[in-house]
Structure formats: structure tokens, C-alpha cells
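Here is the naming used below: chain letters follow the sequence lines, and residue numbers restart at 1 for every chain.
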Number of protein chains: 4
Amino acid sequence: MHWRGSSEGGCVPHSAAVFGAAGFTGALAARLLHAHPSFELRTVTARSDVGCRLDDLYPYHRVPLTLEQLDLDRHADVEAAIVAYPHGASAPLVKELVQRGVRVVDLSADFRLRDRATYEEWYREHQAPELLRAAVYGMPELYREQIRAADVVANPGCYPTATILALAPLAREGLIGQVIVDAKSGVSGAGRAATDKTHFVTVDENVSAYGVPRHRHTPEIEQELAALGSAVRITFTPHLLPLDQGELVSCYVTGNGGLDGVDLDQLYVDAYAGEQFVEVVANPPGVRDVRETNFCRVSVHRDARTGRVVVFGAIDNLWKGAASQAVQNLNLMFGLPEGEGIS
Amino acid sequence: MHWRGSSEGGCVPHSAAVFGAAGFTGALAARLLHAHPSFELRTVTARSDVGCRLDDLYPYHRVPLTLEQLDLDRHADVEAAIVAYPHGASAPLVKELVQRGVRVVDLSADFRLRDRATYEEWYREHQAPELLRAAVYGMPELYREQIRAADVVANPGCYPTATILALAPLAREGLIGQVIVDAKSGVSGAGRAATDKTHFVTVDENVSAYGVPRHRHTPEIEQELAALGSAVRITFTPHLLPLDQGELVSCYVTGNGGLDGVDLDQLYVDAYAGEQFVEVVANPPGVRDVRETNFCRVSVHRDARTGRVVVFGAIDNLWKGAASQAVQNLNLMFGLPEGEGIS
Amino acid sequence: MHWRGSSEGGCVPHSAAVFGAAGFTGALAARLLHAHPSFELRTVTARSDVGCRLDDLYPYHRVPLTLEQLDLDRHADVEAAIVAYPHGASAPLVKELVQRGVRVVDLSADFRLRDRATYEEWYREHQAPELLRAAVYGMPELYREQIRAADVVANPGCYPTATILALAPLAREGLIGQVIVDAKSGVSGAGRAATDKTHFVTVDENVSAYGVPRHRHTPEIEQELAALGSAVRITFTPHLLPLDQGELVSCYVTGNGGLDGVDLDQLYVDAYAGEQFVEVVANPPGVRDVRETNFCRVSVHRDARTGRVVVFGAIDNLWKGAASQAVQNLNLMFGLPEGEGIS
Amino acid sequence: MHWRGSSEGGCVPHSAAVFGAAGFTGALAARLLHAHPSFELRTVTARSDVGCRLDDLYPYHRVPLTLEQLDLDRHADVEAAIVAYPHGASAPLVKELVQRGVRVVDLSADFRLRDRATYEEWYREHQAPELLRAAVYGMPELYREQIRAADVVANPGCYPTATILALAPLAREGLIGQVIVDAKSGVSGAGRAATDKTHFVTVDENVSAYGVPRHRHTPEIEQELAALGSAVRITFTPHLLPLDQGELVSCYVTGNGGLDGVDLDQLYVDAYAGEQFVEVVANPPGVRDVRETNFCRVSVHRDARTGRVVVFGAIDNLWKGAASQAVQNLNLMFGLPEGEGIS
């Protein structure tokens, strides 16, 4: 936190909190808000690790705050919150925050699916369905204006972020017939829990698929492709890779007839012409190109032999796939420059 | 080499050579033949590194032989050869070896494509087209009897090995409508050449696609799927991963109508019932499961929501994808137990 | 297990068990005994994971046995056992096995330190001190004859294995004045437990020391250097590296006066002239040179500027540092060729 | 570059160049200067890769400049230069820049050793010995005032940076009797050249020492320890690790008698009390704690059993070990806040 406003004049920074700051995404959100010129991070909470210094848990984030137990009465002055709770546990807290007038970006899946039945089919009974209508899907490239006005923003999942940005230009034109998404993620996407799956020896020199054939990010991607104009059933298969941060989606699109004459490169360049955080590139991107940034790199390729189109999207799953996109959303909600604190 | 035969009686081992033993696959072939009970590895050659000890170049292979310049007159007694030359350079050597009565497994692509025009479209002018008819595609699970009788065996590419084994049961039944293959490979697949692409710093913490949209393994896969009964145009996209050995193919199949009622698990179990080196497993395999082995692990999954089928195939690209499959082929050609020296 | 003896004639294999086969070292011991021509692995036990197939837990070991609860009455015919229990838990089981006439290699530290007080200073109260006198320190290169006759063999720790083999030629000549050991280990050395320390994200792109300044392998190393003729207090500092298997020790020796005229290369070559599993090499070894082998590579270098000597020792911590050395010991105890099943 | 000065008032940024910007350290220096509020990066040169965009070579640095051939006449307005040339090639360029009035930070070794004979013993004939007297060793924590006034600053080597910062508090008190430095480095320290040594397959799952027993950073460390008050001959042994960025030195100190009563923690805390970029910590640091930062983390430990002291120093070899320390030096030379552009 620096004691100056984001624009001219001696404005006071907005007081902010991260609830659930002991996990990978919450801790990174805390780091970004702690260093943000227009927010003052006053509170970080956790369920485990209460009493630990955040800079002991995550030395490289250098956030000199102590993790507290949740106690909303003590944090009455909080204006902006990022909630990094597990799915299901998040909704009740978000609800209470909203009632207290706090504007919230929620990193869980609880408010991403606009249809309650779909949520309950893929997750569990919804804990705050009355908020579903008000929540805005927090992808600035699609919903910038709605985010500015929202009290609750549902931060997209990491895979949906990369996939939707990769496919949006085609979806908006209604060009998608079928799409298969093969995704590759670093281990930080699996979270901080130490399990057999995240043990170094399990992951090292290995690669395998998981969540086959029904990963929970599937309906979120389908929802947004449909909203853009392409109602399709996708096959989405994530794979775990021996790297820490980074996510690549390889999207295989069979057109629906109209795809043949389209100038794909131009379509993509135009689609993202004004976007600060989407880079359209000629060669297939590597996740290293976007490591520790809020960028999504997108690259589109036509396979002339088969008529199919392949689109790649690369992000850092902890940044654009979670924490820095959350800050991007907060910036919009508070009228700040969209890239402040994350550029 | 051990001085005993593969079967009863004091048989003399077959004299063997590896031509092009300085690369990753040739060196591993040398290791396997050096330790093989029924072959005696007499000669290892190289174009660079002549005069180097193989166990200096590859300490972990522990082959105490010196790399020689090629000189077929000096190696007149060789009965069995593995050729690990680059595409194009291989054909002339294979031709000369065959003329001298040596039985050859060729690791290059030069004899994999039965159609000369296809070869020349994807590679270059063929240097020994007269041998194309005689060469047998060296996948024992498909062509075991032909391999036994062959003088020239074209060892399959690493990606085709995993992909064809993953798809063969469906292809043989004519069930494949469309197929998209997303492949992931460790860096040893790129060979020993030190380049920007194989530099540790390029690969580490990274993943990206390459060869988009026309990787040369595409026609080889299409040839074999067609031979099995499914003539399809595939989209094949390999990705480079931060690991050394291992290859995973994720195959996305849209059926052609007949797929719905099929018991996929049974189909696969039956298809590979007698196969020593194909393991049909329930969960998506990791490449670590097959590291440093001649096994291919295959796993088939139906996505009920979309009707698509996902099949995974995992191999070690240097072993089943190259050198140990070459030895498997040599074993067949010389009437030895198929798994000798590679189990 | 193969139904033939280790030598000529139709000998029956020795029945064997691994107690504690769910961990990394126990599981590898099970794999080695399962494939061993002269042992028949009948039993694998575990405390957790009872009822699991070992080839589900460790697909790459391909041991088709089910983990059982310990029940010595059920395993009355066991002749040979490898015990892979935690320190302290091992001693009571070893004691009972010995009473039943089973010959045991123990992978824990419980019988490594000949002096009970030293054990209790660094570990805890000893649970079977009456066996300390009978136990033999299981380093074949130092105690081959005693191992042949032993009923209880204390398999050395991984760091001591590499360090003692690196220093023994100097220690035996009484040439060591001071020695500092800087050790580097892959993550498998930390065991199978999923913790913050073994989480991929903790280890990846990282290196740090641990156990500073009192790692428990210190007294074990000092004991053996003293037994060889150099009673010194060492500084031993291990570091955790982002790799799975492999251990390198860098030993910095200040001589005690007699070191100057010594031909170090000759000293080392002579010291290990007849040893099947110690390789003396000219260049600093990499752990990759010994991966998945029972070899220890040793390389000695004199720093003429300072008069100091640097010796490197490289092993695979799970193999020569644990499971394959245990089998090497069992081979000796049962009169088998020392390298059977581990070459 | 941003068009505002480093302090109040509309100051014009200083024009800057990076000569040799195609390598790892030069490219990072370019990124840091490009984003620096008080410098304007006008020129990046290279010997190979002329005509390439820097953001094609290094997408993640996002520097939209094209690499030019060296032509000092075209860059006559440059005030500040970072030279990232190989040892030996650097001196002539530095000399010419100084003659033209450019203030230079040189990343090579050419001006690090104050004694010409020592340089020529470890490197080669010196190409600009007349500058040796004027050059200042660019470690701000030791030579801050001299750097402010210098025209030529010799940026320290990466290993010396970590080692000298780890040992300076002891050296300054004259407490060091003997010291052994065991260093571990990521592969980026070996530079961008693609060789067998930097091939992914060589490094992955491996660790080994190199430069034994005479690595060229040895005299640089000895020079600075002597300048501080401890003239010792060190044994310095670096090891290559499977990670990209990061360097850890483990320094083993035998005291010279005065060490016993010293409160080491207090000594270190006091020594670095005012230093922005040195963090004294209680636990052995990991290189991940300082990744992509200008920090050096130092931790001191006494081994009561042996009387020895172990000090760890961790840096990012490309940042504090090279490019960001170069910018730190430039900041001092131009009267800017020391941490500007690198915090």
C-alpha cells in the first residue's frame, strides 16, 4: 500500500481484505493488493494457519501481515474484498459481505454459473442462490461494463479464462460446430494441499489426464460460449504437468460451415484490438511467455488438410487465471485504471 | 553380450551393429543389444564423435565400445543391424546393408510410408524406393508375422506408436468418424542436437505446441488407421513438455454412428489380450508408469454427455517409441522370444 | 520370482517378505525381490494402504501383490526379510523376526549405530538394544564377510552410503584432518509422506539446506570413518533438489599432513579394484550416471592451490542408498552372487 | 521508459543502452531499463541476432526494440550503458565508451580483479589495463560511495555476489580461518549458448560439480574477503542444478579463534541493518524466496559440535547476480533512489 491515490489529488486508498489468504491464489491476491497504489490491504484471514505471518508462509510474496481468524465485525471498514474460499464455503461469506456493503470478487465457482440447477448438478446445493442474478461473470474482456457496476463478481476459473479468450472471436461469429479442449496445467492449479497428487515424486517426469470425462470447468465454458453465440457441448480434458505455474489450452474447432472463407488472423486481431491483457501472436505460445503476468496469449491456426482450426490460449493460472484477474476486476469496480497494480 | 543362446543348447549369439549410435535412440539401442543374451553387439558407428567411447558420451548406458566410422567391409559378419540415421540419410545405408544380407531395423521414417508419393510430399525425394514394397511396418501388435519374415523393418515413429496402439481397436471395427490427437512429449524426442529449442531454460517451466498444423507423423498414423479400416484425416498436434522421456497421446474420437452400443472396455481388453507389451488400464495413464520400459499403456473413456470417446496412450518415446521396439522387432526377425532383452 | 535357483541345479528360491512395502524404499525392495531369480516374494505388508495392490500404488514397479496387515504367524515360512519401517518402529519387529529365525535387512537407523548412547542421543530410546552387538553394518564394500554370516544387517543410510564410499580410501590411510560434507538429494529421499516440504510447488525451481546443523546421518558417518582409521567430527549439510532420485555428496577434506605426496587416483583405483558396484571416474559424476542402479560413482580431485582434496560420491538414494543395497546384502547372506537381481 | 523523472520536477530521463542484449543477462538488463522510470532505453545491440526484435527472442521481457549492430557513432547521446559482453571482449568496448563520456556498468569479469596479474593468470591478457585503477567493484553494500562517483563499475560475478554478502560480516571482523564454498546454480547461469551441457536432457534429473578445482570466480571472492580483512585461500566448487534461475552458496567457515564468543545473529543483523536488498533470515533460504528479485537472503548457523559456522546466501543469478545489480549500480551512479526500477 502506498499512501497516494490512483489519480490526481490526495485520494485515500480503498481498504481491502483477502479472505482465505493462506492458499496459493489468496496469497497472491494479498501480494498484489499489498503493493497496489490504490488499495490498502488491511486484513488477511485464513482458516488454518491463523497467527502465521504471510511472509513466513510465502517468503517470496513479502507481505508482512499476520493471518487472522474471520471476524467481520472487526473488519467493518473494508470496502473491497477478494474471497478465496473453496466452492460451497464461499457463498455464505460472500452473501454476508454484500449485506455489509462490501464489494466482492469471489474466486470460487459459487457464482460463475448463472443457472442454479447447473451449479447443483456439477457442484452441490447452492448456499446463496438469491445472489446468482446479481453476480457478474468476471471476465473484463466480455463483461467490462457490468463488472464496473457489480457488487459481486465471480472470477472465472483458470481453464475457462484461457479457453473462452481463445474461442470468443469464433463463438461470437457463431462459427463453432464442435470443439474439443485439451488443457495442460502446472501443479499450482491443484492448490496448496499436500497430497499424493501434488507430491513432487508423483508429478516430476510425468504427465497424465485427470477429471476425465467430466471436469467441473466444462459447464462454465459452455455457458459463456453459448452467451457469445455458439451453444455447443464441449469435451474438456485437463492434464497435469511438471511445472508450477502456467496453463495452456489447445482448442480444436470443427467449423459449422461458415468457417472456410474467414480471415482468422484478422478476426482475432480485431477482436482483441483494444485489449490491454490479450496478446494475439503468430506462433503457438508457451506458458513461459505469460508467467507471472495478467496476459493471455492467443494464437489461431487453420489446418488446411482437415478444415479444422486450432486455437491456443496461454495464461498463468495463478495470475490471469485467478488473482491478477481478480485485481483487474476490482480495478474496474472501483473506477481505477484497469491495469493498475498488475502491469 | 552374454555367451549363451536364447534357447536350449549352446547357440552362438547373432552378431549385431548399431549404425548411428551417438544419438539418443541409437545409443539406447546399443545398450539394449549390448546386454541382450542372444545378440553380440560388435560395432557402433557414428558420423560425429568417432573415436569417443560410448560410455563417455552416455555414462548411464555403460556400453564399453568405441564409436567407429562407417566401413561396411570391416563389419562383414554383421547379421543384425539397427540404423539410427536421420530421415533421408538412412535409405542408402539400409539398401546397402540389405544387399549384403544384413537384416535391418530402420529407426528413420524412410520406409514407414508405403506410398512413395506420400513420403515425398511430407519428407523429400526417396533414396531407395525399390525397397518400399519389401519393408514391413514394425509394429509387432499389428504385423507380427510379416516382421518375422522381413529383411527390412521400418520402426514406427514414437507418436504413431502410441497413437496407433490407442486407436487400433476402434479403427479395426471401423468405428472412427473423426479423430483429433493431442500429443505431449518429453525433450529427448527432439534428439541430442543442442539448440535453442532443447536448451534447459527454454523448456523448463514451459509447454507449447510445435509442428502446427502439419507434423510429419500425421500421414504415418493415417496410413495405419486406414489399413485397419478407418480412413480418416486426423489433426495431430504435438506439445513439448519439461520432462526428458515419455510421451502421452490424448485421442478424441467422434464415432461414426456405430460407437454407441459398444462395450469399450471389453473391446480393448480383448484386442490386447495376448499382448505382452500393451497394458489396458482403467485410469488415465501417466508416462511415468512406462518410463524405461517397452510397455504402452492404453485407457479408453466414454464421455456420455457428448458421445465422444477419449483414448490415452502412454509410452517411453526412446523405448517403445524407438529403441526397445526395434529390439522387439529384431527378436521376431531372429526367432527369439519377443521380449528377450527388453523385459 | 522365477522358478530356478541361483546356480546350477533345480534349487528352490528362498521365500522372502518386505515389511513396510508402501513407502518408496519398501516398494522398490519388493520390486527387486519380486523379479529376483533366487528369492520368491511371498508377502508385502503395510500399515496404511492394507488391501491395496502394490501395482496400483506404484504402477511402474509392476508387483502384482496385495499389501497385507502384519501377521507373523501367517508368514511362518519366510526366510528372508527386508524391513522398511520408520526409525524406532523397526527394532521390535526385527527382534521378533530374528527370534523366529528370519534373516533380516533393516532399512531403518535402529541398528546402524553400534553405540546405544549415540543412538539415543540422536534418535530416541532404543527398543531392542540386545541386538546391537549382533547387527552388522550393511555396507558390503567394508563388511562383506561379516554380512555373509549375519542374521541382522543394518542397511546404511543413503547419505552415509555415498559419503563413506567417497571417503573410505582416505580414511583407511588415516589421511583425513577435517572433512566437510555438502550433500544434495532428490525428493524421494524425503519419503512418500505428502507434506508442504514435498509439495511440487515447494521444491520446483528451488534448492535449500535442511537439518542444519545436526542431521541424523552425521554420527553414522563419523562412526564408520573412525572404524576405518579417521576419527573426525564432520560437518554434514544436506540440501533438497528439484529431482526425484539421486544423491550427490561433495566432500571437502583438509589433510592431516600426510596427504601431499599421495597419488590419489591410484589410491582410489586400488581401493575399489575388485568392487562390482563402485566406479572410480575422472570427472565429477552426475547423479544421472547412476540413476536406477546399485552403482556408486566416486571421483577424487586435489586442489593444488589450497592443498585440499575434494571427493564426490553419486548414488541413487532409493537404490544403492536403500533398496538395491538391501538386496545386495541379502545376496551375501544367502550365498548368492552379490549382484544377482540388481545388475 | 516513462516520461517522468525520478524525483519531483519534470526531469528528462537518462538515455541508456545495453550492449550485448541477446544473452540472458543483457536481455534482462534491457527489460529493467526499458521499464525504468528514470532511464530511456534507446539502443540494444548484439553480435548475433542483429535485426531480431528483442520481444521475439524473449517474449516474456516484452521489450519492443530491435537488436542493432554496434555503431557508437549512431548512439552518441547515450549517457548510461550496461555492457554484457564475454570476458575479454568487453574491455575494449568499455574503454571506448569511457572515452566518449558514457558511464558504464560492465557485466564481464574484465574489471573485477584489481590486480592485472591475477586477471591474466585466471583469464587472459588484459585488453584495457589502464582502466583497472579507475574501475569500482560494483557491490553497493561494500562500495556504495565509490560507485556513486565511478565511470566504470565492474558488476560482480553471480557466485561472488552471494558469497561475499554471506561472508562479509565475518570477514570484516577478521574471524575467518578457513572457508569452503559449495555453490549451486540454475542453468541460466551457463548462458544462452546451446551446448551439450545446457541441453535439457543433460540437466534434468541431474546434479554435478563443474569447474573443479579452479573456477574463475575464486580470485574475485578472495580479493574481496581480503579487502574486508580476511586474507584466505578458499575452495570454491559450483554445481549445476535442474532449475532455471537461482543460486545458493553454502559457506563452511572454520574460525580463527575469535569466533566462539560472537553473537552471530546480531553480527549479521547489524551488518545489514540499513541494506534494502539484503535479508538476514533465521532459516536456510531457498532460491525461490528471491526469484526474480534483487534480494540476497543470508542466514548464519553455528554448529556447536564442531565449532564451525555455516552461512547460506541465496540470490537470483540473473537479477542480483547480474542485471538488477547492474541497474542498482546505475541508480547510484546517476543519483537516483538505489532501488528504482528493481523493487
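- For D:I234, the part lying near chain C is the backbone, with the side chain staying farther off; criterion is any non-hydrogen pair under 4.5 Å.
- In this structure, C:Y252 OH and D:T235 OG1 are separated by 8.0 Å, a value rounded to the nearest 0.5 Å.
- Contact count against chain D (heavy-atom pairs under 4.5 Å) is highest for C:T306 among C:T306, C:D289, C:T202.
- For D:V290, no part lies under 4.5 angstrom from a heavy atom of chain C.
- Checked by atom type and distance alone, the side chain of C:E205 never pairs as donor or acceptor with a backbone atom of D:R288 at under 3.5 Å.
- Proximity to chain C is absent for every atom of D:N283, based on heavy atoms less than 4.5 angstrom apart.
- Interface remark: of the candidates D:R308, D:E247, D:R233, D:H301, D:R308 forms the most heavy-atom pairs closer than 4.5 Å to chain C.
- In this structure, the portion of C:P285 lying under 4.5 Å from any heavy atom of chain D is its backbone and not its side chain.
- Of the two parts of C:V187, neither the backbone nor the side chain holds a non-hydrogen atom closer than 4.5 Å to a non-hydrogen atom of chain D.
- Taking the charged nitrogens against the carboxylate oxygens, C:D303 and D:R214 have no contact shorter than 4.0 Å, which rules out a salt bridge.
- The two residues C:D182 and D:S250 come nearest to each other via the heavy atoms OD2-CB, 3.5 Å.
- Atom NE2 of C:H239 and atom CG of D:L241 lie 10.0 Å apart (nearest 0.5 Å).
- Heavy atoms of D:V287 lying under 4.5 Å from chain C belong to its backbone as well as its side chain.
- Taking each heavy atom of D:S208 and C:G286 in turn, the nearest pair found is CB-CA, 3.7 Å.
- Between C:P284 and D:A209, the shortest heavy-atom contact is CB-O, 3.6 Å.
- Using a 4.5 Å cut-off on side-chain heavy atoms (C-beta onward), C:N206 and D:L243 make no contact.
- Here D:K184 is the residue among D:K184, D:Q178, D:R302 with the most heavy-atom pairs under 4.5 Å with chain C.
- Among D:R305, D:Q245, D:R291, the residue with the largest count of heavy-atom pairs under 4.5 Å with chain C is D:R305.
- Looking at C:V207, the atoms closer than 4.5 Å to chain D (heavy atoms on both sides) sit in the backbone and in the side chain alike.
- For D:S299, no part lies near chain C; criterion is any non-hydrogen pair under 4.5 Å.
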